[in-house]
A.B. asks: 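Here it is, the structure, as structure tokens.
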Protein chains: 2
Amino acid sequence: MSDIYRALGDATRRRIITMLKERSMTQKEIVEAFDISQPAIKKHLNVLLEEKIISATVQGKYRLYNLNLDMLQRAYNEMLHFIGELLDDQLASLKNYVEKGEMQDGES
Amino acid sequence: MSDIYRALGDATRRRIITMLKERSMTQKEIVEAFDISQPAIKKHLNVLLEEKIISATVQGKYRLYNLNLDMLQRAYNEMLHFIGELLDDQLASLKNYVEKGEMQDGES
DNA sequence: ATTATATATAACCAAAAGGTTATACGTTGG
DNA sequence: CCAACGTATAACCTTTTGGTTATATATAAT
């Protein structure tokens with residue numbers, strides 16, 4: 001199974017995703033948007049490529065990266081499903097206090 | 001803000017969460033369900049506590065852990081929001097298959 | 001052809017993550 | 001009180017992660 005949690009688990013990668021949500025970008029453009037080096041960005045891109053959340057098209061000397069929306073959708077669906085399952089079981093009582101915006105027991 | 005991705009990023013933690021979905025458990029019970037040491041489990045519990053995904057109530061020498069459903073609800077909402085934004089931006093048709101739970105074009 | 005530009009990769013490093021064992025602490029039962 | 005049990009913490013180890021710099025490769029432009 002692909003480890004979607006790994007791909008989304010890093011803030012830089014999530015920011016890249018958010019950027020690519022707006023428009024496709026070359027690696028150079030992405031690099032310029034961050035304060036870290038080109039190889040560092042490339043590694044993040046490689047992770048996202050491995051998980052198939054983005055893909056790249058070659059354009060001369062450029063690599064144009066774009067979101068794989070369906071895969072990103074799957075990734076989030078999987079997470080939502082995980083959480084959702086947890087919530088379903090006790091959703092009735094949860095709904096109640098969520099709406100009231102109050103906790104039932106103390107916190108550390 | 002809490003980093004839900006960090007918390008969910010580890011398989012052991014996800015399993016703990018799944019277990020706590022069924023019922024609250026003492027640390028001892030949780031430890032016995034895994035093949036790793038008590039301190040290792042404790043570290044995972046600490047991560048989940050930090051992210052406020054679980055909470056613990058003291059009962060004598062026991063610590064009873066239980067899910068913080070409202071926090072999971074928040075995580076769920078956050079993720080939905082992220083995806084929703086994504087869909088709004090680019091792809092109305094994607095919304096369709098998300099709701100129907102099926103793809104519209106082939107995938108690797 | 002040579003140079004400039006965009007990307008890829010190699011080698012390295014520090015810090016974080018996930019585990020271990022040993023041990024201290026807190027509570028309860030005999 | 002003391003022993004046993006559940007939990008917490010300290011010290012340590014290894015692997016992974018996220019970063020670095022230096023350099024190689026591929027395409028474009030002059």
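Because the structure is predicted, anything quoted here is derived from the model rather than measured. Proteins get letters first, then strands, A, B, ... in listed order; numbering begins at 1 in each.
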A.B. asks: Would you kindly give the CZ-to-C1' distance between A:R15 and D:dG18, to the nearest whole Å?
C.D. replies: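 Result: 15 Å.
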A.B. asks: Excluding sequence neighbours, so at least two apart, what forms side-chain hydrogen bond (donor to acceptor under 3.5 Å, both in side chains) with B:R74?
C.D. replies: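 Listed in chain order: nothing, the list is empty.
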A.B. asks: What are the two closest non-hydrogen atoms of A:I83 and B:A75, and how far apart are they?
C.D. replies: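 In this case the closest contact between A:I83 and B:A75 is CD1-CB, 3.9 Å.
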A.B. asks: With sugar-phosphate meaning primed atoms plus P, OP1 and OP2, does B:F34 contact a base, only sugar-phosphate, or nothing at under 4.0 Å between heavy atoms?
C.D. replies: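 Counting heavy atoms under 4.0 Å across all strands, no contact is made by B:F34.
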A.B. asks: Please list every donor-acceptor pair under 3.5 Å in which a side-chain atom of residues 30-42 of chain A meets a protein atom from a residue at least two apart or in another chain.
C.D. replies:
unit_1	atom_1	unit_2	atom_2	d
A:E32	OE2	A:K28	NZ	3.4
A:S37	OG	A:A40	N	3.4
A:K42	NZ	A:N46	OD1	2.7

A.B. asks: Write down the distance between CZ (B:R63) and C1' (D:dT9), rounded to a whole number of angstrom.
C.D. replies: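 Value for this atom pair: 13 Å.
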A.B. asks: Are B:I4 and A:M79 connected in a single hydrophobic cluster, I mean Ile/Leu/Val/Met/Phe/Trp/Tyr linked by side-chain heavy atoms less than 4.5 Å apart?
C.D. replies: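 Both belong to a single hydrophobic cluster.
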A.B. asks: Any residue in residues 36-44 of chain B with a heavy atom nearer than 4.0 angstrom to DNA chain C? Just list them by number, or reply none.
C.D. replies: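 DNA chain C contact set from residues 36-44 of chain B: B:I36, B:S37, B:P39, B:A40, B:K43, B:H44.
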A.B. asks: Starting at CD of A:Q59 and ending at P of D:dT27, how long is that distance when rounded to a whole Å?
C.D. replies: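 In whole Å, D:dT27 P lies 14 Å from A:Q59 CD.
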A.B. asks: Identify the heavy atoms of B:M25 and B:E29 that sit nearest to each other, and give their distance.
C.D. replies: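 Reported closest heavy-atom pair: CA-OE1, 3.3 Å.
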A.B. asks: Which comes earlier along DNA chain D counting from the 5' end, the contact point of A:G9 or that of A:V58, where each point is its nearest nucleotide?
C.D. replies: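 Of the two residues, A:G9 wins.
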A.B. asks: Let me have the donor-acceptor pairs involving side chains of residues 53-67 of chain A, under 3.5 Å, with sequence neighbours excluded, atom names and distances please.
C.D. replies:
none

A.B. asks: Could you list where the contact with chain B starts and ends along DNA chain C, reading 5' to 3', using a 4.0 Å heavy-atom cut-off?
C.D. replies: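 Listing 5' to 3', DNA chain C meets chain B from C:dG18 to C:dT28.
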A.B. asks: Residues two or more places apart in sequence or in another chain: which of them pass salt bridge (charged side-chain N to carboxylate O under 4.0 Å, His left out) with A:R6?
C.D. replies: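 Scan of A:R6 (salt bridge (charged side-chain N to carboxylate O under 4.0 Å, His left out), adjacent residues dropped) gives A:E50, A:E51.
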A.B. asks: Quick one: is D:dG6 close enough that its OP1 or OP2 comes under 4.0 Å of any side-chain N or O from B:K28?
C.D. replies: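 Checking D:dG6 against B:K28, a side-chain N or O does come within under 4.0 Å of OP1 or OP2.
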A.B. asks: Do A:R13 side-chain atoms and A:A7 backbone N/O form a donor-acceptor pair below 3.5 Å?
C.D. replies: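 Pair found, side chain donor or acceptor close to backbone of A:A7.
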A.B. asks: A:T12 or B:Y65: which one's nearest nucleotide on DNA chain D is closer to the 5' end?
C.D. replies: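 That would be B:Y65.
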A.B. asks: Rounded to the nearest Å, what distance is computed from the CG atom of residue A:D35 to the P atom of nucleotide D:dG18?
C.D. replies: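 Those two atoms, CG and P, are 17 Å apart.
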A.B. asks: Specify the separation, in whole Å, of atom CG of A:D10 and atom P of D:dT16.
C.D. replies: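 The distance from CG of A:D10 to P of D:dT16 comes to 17 Å, rounded to the nearest Å.
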A.B. asks: Taking CD from B:E32 and C1' from D:dT7, how many angstroms apart are they, rounded to a whole number?
C.D. replies: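 From B:E32 CD to D:dT7 C1': 13 Å.
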A.B. asks: After noting the C-alpha distance and the side-chain angles of B:V47 and B:L45, does the key distance pass the side chain to side chain contact (heavy atoms under 4.5 Å, CB included) rule?
C.D. replies: CA-CA 5 Å; B:V47 171; B:L45 291 174; over 6 Å; no
